[in-house]
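The structure follows.
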Amino acid sequence: MWRGCVHLLRKDFKLMLSSKFFLLAIISLVLYSCYINFVYVHLDQEMIPVYLYDPQRQVAVDSEYMTRLDSRVALETACADSYAVGFDFSGAESELYMRASGLDTTDHYRMIWGEAVLSGQMDGQTNIIGSNNKEMKNRREITAEFLFFELTAVGFLGLASMLFKEKQMGVMRVHGILPIPRGLFIFSKLMLLLLSDLVFTILLTLINLGVPTALDVLPGVLLQASLLSMMMTLIGFLCAIWLQDFKGFSLFYLVLAVFVTTPVFLAGQTGISWDWMVYHPMHYVFTAMKAAFFSATPEGVPYYLCCLGTILLLALLSYRALNRELTREG
């Protein structure tokens with residue numbers, strides 16, 4: 001049995017080499033790291049401008065982030081971009097004026113920022129967010145997001161490319177008559193993809209967070225990466241077994257990317273609030289991945305039970321699908 005397992009691991013490793021799997025992973029690692037270190041960390045969104053219409057000069061605060069205007073019309077024009085915040089002190093009571101951006105979270109932060117500038121309770125631009133400065137916060141966030149989408153794609157597409165190549169080579173038919181437990185056929189692919197994903201996770205985290213920070217967060221990050229990698233690999237195995245060609249598989253992956261991963265990214269990155277997101281399983285995996293990068297409190301026991309249950313269910317379905325496929329191959 002162990003000799004058979006070693007044979008399968010060696011064969012699958014050669015398949016990964018021939019399909020340029022490791023080369024693509026290295027290219028992804030380089031591109032992600034270059035973007036994070038040379039582009040993303042240097043992006044600094046303009047602070048929200050605050051405009052004040054105060055004809056009686058009731059507000060004594062002067063700030064570099066606040067601009068005084070001489071009319072209500074000028075105030076409304078300045079805030080027409082749904083980004084700026086305005087205050088009108090021309091009446092008996094002060095009035096906050098700003099156009100909704102469509103994102104409740106963003107509007108909430110705009111209001112808080114505007115009130116802080118108006119009251120003078122801020123000292124320059126904020127540089128410390130929790131225990132992180134702005135650059136480290138940005139690094140943690142974008143690294144978590146890149147890792148999530150890389151693992152979502154790698155296990156799914158990597159497994160499919162290997163399996164479809166084996167189908168074309170007639171390897172599936174040979175496996176049907178070999179005296180090797182069929183579960184090892186799935187196990188060897190799962191372990192190789194899992195190990196490659198973990199190595200990718202370690203390198204991406206070390207390069208973009210630095211060694212001290214990376215060593216602090218890696219235990220939690222590797223746990224989340226393992227769960228995500230196994231789930232996506234098994235889903236990829238099932239789809240590759242059920243679908244007859246790689247063209248149909250690619251179309252299915254496009255649907256998966258558009259309707260599964262994209263909503264999760266939009267909800268996490270832009271603050272868009274959808275009530276139905278609580279029913280989206282990948283939302284919790286994405287949230288857990290991000291929390292691990294910030295050394296946040298680990299997810300509760302129900303989350304891990306759901307992940308393990310999903311992995312076991314997918315493994316069982318994959319085993320049954322493999323049996324049917326080998327029987328069909330004769």
With a 4.5 Å heavy-atom cut-off, do Thr213 and Met136 have their side chains touching?
->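 Contact flag for Thr213/Met136 side chains = yes.
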Would a 4.5 Å heavy-atom cut-off, applied to side chains only, mark Phe87 and Ser94 as touching?
-> no
Between Gly91 and Gln58, which heavy-atom pair has the shortest distance, and what is it?
->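 For Gly91 and Gln58, the tightest heavy-atom pair comes out as O-NE2, 4.4 Å.
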Where the side chain of Ser196 meets the backbone of Leu193, is there a donor-acceptor pair that is under 3.5 Å apart?
->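 Present.
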Verify, without hydrogens or angle tests, whether Arg110 (side chain) and Ser82 (backbone) share a donor-acceptor contact under 3.5 angstrom.
-> yes
Out of curiosity, Phe38 CZ to Ser33 OG, how far, rounded to the nearest 0.5 Å?
->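 With rounding to 0.5 Å, CZ (Phe38) is 9.5 Å from OG (Ser33).
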Minimum heavy-atom distance Ala78-Ala84, with the two atoms named = O-CB, 3.7 Å
Is it possible for you to say whether Leu17 and Leu195 belong to one hydrophobic cluster, with membership spreading through side-chain heavy-atom contacts below 4.5 Å?
-> no
Between Arg140 and Asn208, does any side-chain donor sit less than 3.5 Å from a side-chain acceptor?
->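 No, no side-chain donor-acceptor pair sits under 3.5 Å.
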Linking I/L/V/M/F/W/Y whenever any side-chain heavy atoms sit under 4.5 Å apart, do Phe293 and Tyr35 land together?
->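 Phe293 and Tyr35: one cluster.
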Which distance, rounded to the nearest 0.5 Å, do you find between the CD1 of Ile235 and the OG1 of Thr152?
-> 9.0 Å
Is the closest side-chain heavy-atom distance between Gln224 and Leu147 below 4.5 Å?
-> no
Please round to the nearest 0.5 Å and tell me the distance separating atom CZ of Phe237 and atom CG of Leu317.
-> 11.5 Å
Met231 and Cys307 have their tightest heavy-atom pair at CE-SG, 4.3 Å
Take Thr287 and His283 through the side-chain contact (heavy atoms from CB on, under 4.5 Å) test and state the conclusion after the steps.
-> CA-CA 6 Å; Thr287 302; His283 168 68; 3.6 Å; yes
Which pair of heavy atoms, one from Ile142 and one from Ile36, lies closest together, and at what distance?
-> CG2-CG1, 3.7 Å
Check: Leu52 and Thr67 side chains under 4.5 Å, non-hydrogen atoms =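 No. Closest side-chain heavy atoms not under 4.5 Å.
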Do Leu316 and Leu312 touch side chain to side chain, with heavy atoms closer than 4.5 Å?
-> no
State yes or no: do Leu206 and Val30 share one hydrophobic cluster built from I, L, V, M, F, W and Y residues joined by side-chain heavy-atom distances below 4.5 Å, directly or via other members?
->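 Different clusters.
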Does the side chain of Tyr32 come within less than 4.5 Å of Thr143's, by heavy atoms?
->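 Answer no - side chains too far apart.
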Leu9 side, atom CG; Lys189 side, atom NZ - distance, nearest 0.5 Å = 9.5 Å
State, to 0.1 Å, how close Leu322 and Ile186 come at their nearest heavy-atom pair, and which atoms those are.
-> CD2-CG1, 4.0 Å
When you measure from the centre of the six-membered ring of Tyr97, is the NZ or CZ of Arg72 under 6.0 Å away and within 45° of the axis?
->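 Because its charged atom sits under 6.0 Å from the ring centre and within 45° of the axis, Arg72 does stack over Tyr97.
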With a 4.5 Å heavy-atom cut-off, do Asp70 and Tyr53 have their side chains touching?
->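 The answer is no; the side chains never approach within 4.5 Å.
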Can you check whether Tyr40 and Phe146 have ring centres sitting under 6.0 Å from each other?
-> no
Side-chain heavy atoms under 4.5 angstrom apart, residues restricted to Ile, Leu, Val, Met, Phe, Trp, Tyr: same cluster for Met191 and Tyr319?
->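 Shared cluster, yes.
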Evaluate the side-chain contact (heavy atoms from CB on, under 4.5 Å) criterion for residues Val85 and Val117: first the C-alpha distance (whole Å), next the side-chain angles of each, then the deciding distance (0.1 Å), finally the verdict.
-> CA-CA 10 Å; Val85 178; Val117 172; over 6 Å; no
Roughly how far, to the nearest 0.5 Å, is CG of Asp197 from CD1 of Ile202?
->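 Reported to 0.5 Å precision, the distance equals 11.0 Å.
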State plainly whether the residues Glu145 and Lys290 are in salt-bridge range, i.e. N to O under 4.0 Å.
-> yes
Heavy atoms only: give me the nearest Val50-Gly114 pair and the separation to one decimal.
-> CG2-CA, 3.9 Å
Is the shortest heavy-atom distance from the side chain of Met282 to the side chain of Phe148 under 4.5 Å?
-> yes
Working to the nearest 0.5 Å, report the span between CZ of Arg139 and CD1 of Ile207.
-> 11.0 Å
If only atom types and distance count, is the side chain of Ser119 paired as donor or acceptor with the main-chain N or O of Ala116 below 3.5 Å?
-> yes
Are Ile311 and Val285 connected in a single hydrophobic cluster, I mean Ile/Leu/Val/Met/Phe/Trp/Tyr linked by side-chain heavy atoms less than 4.5 Å apart?
-> yes
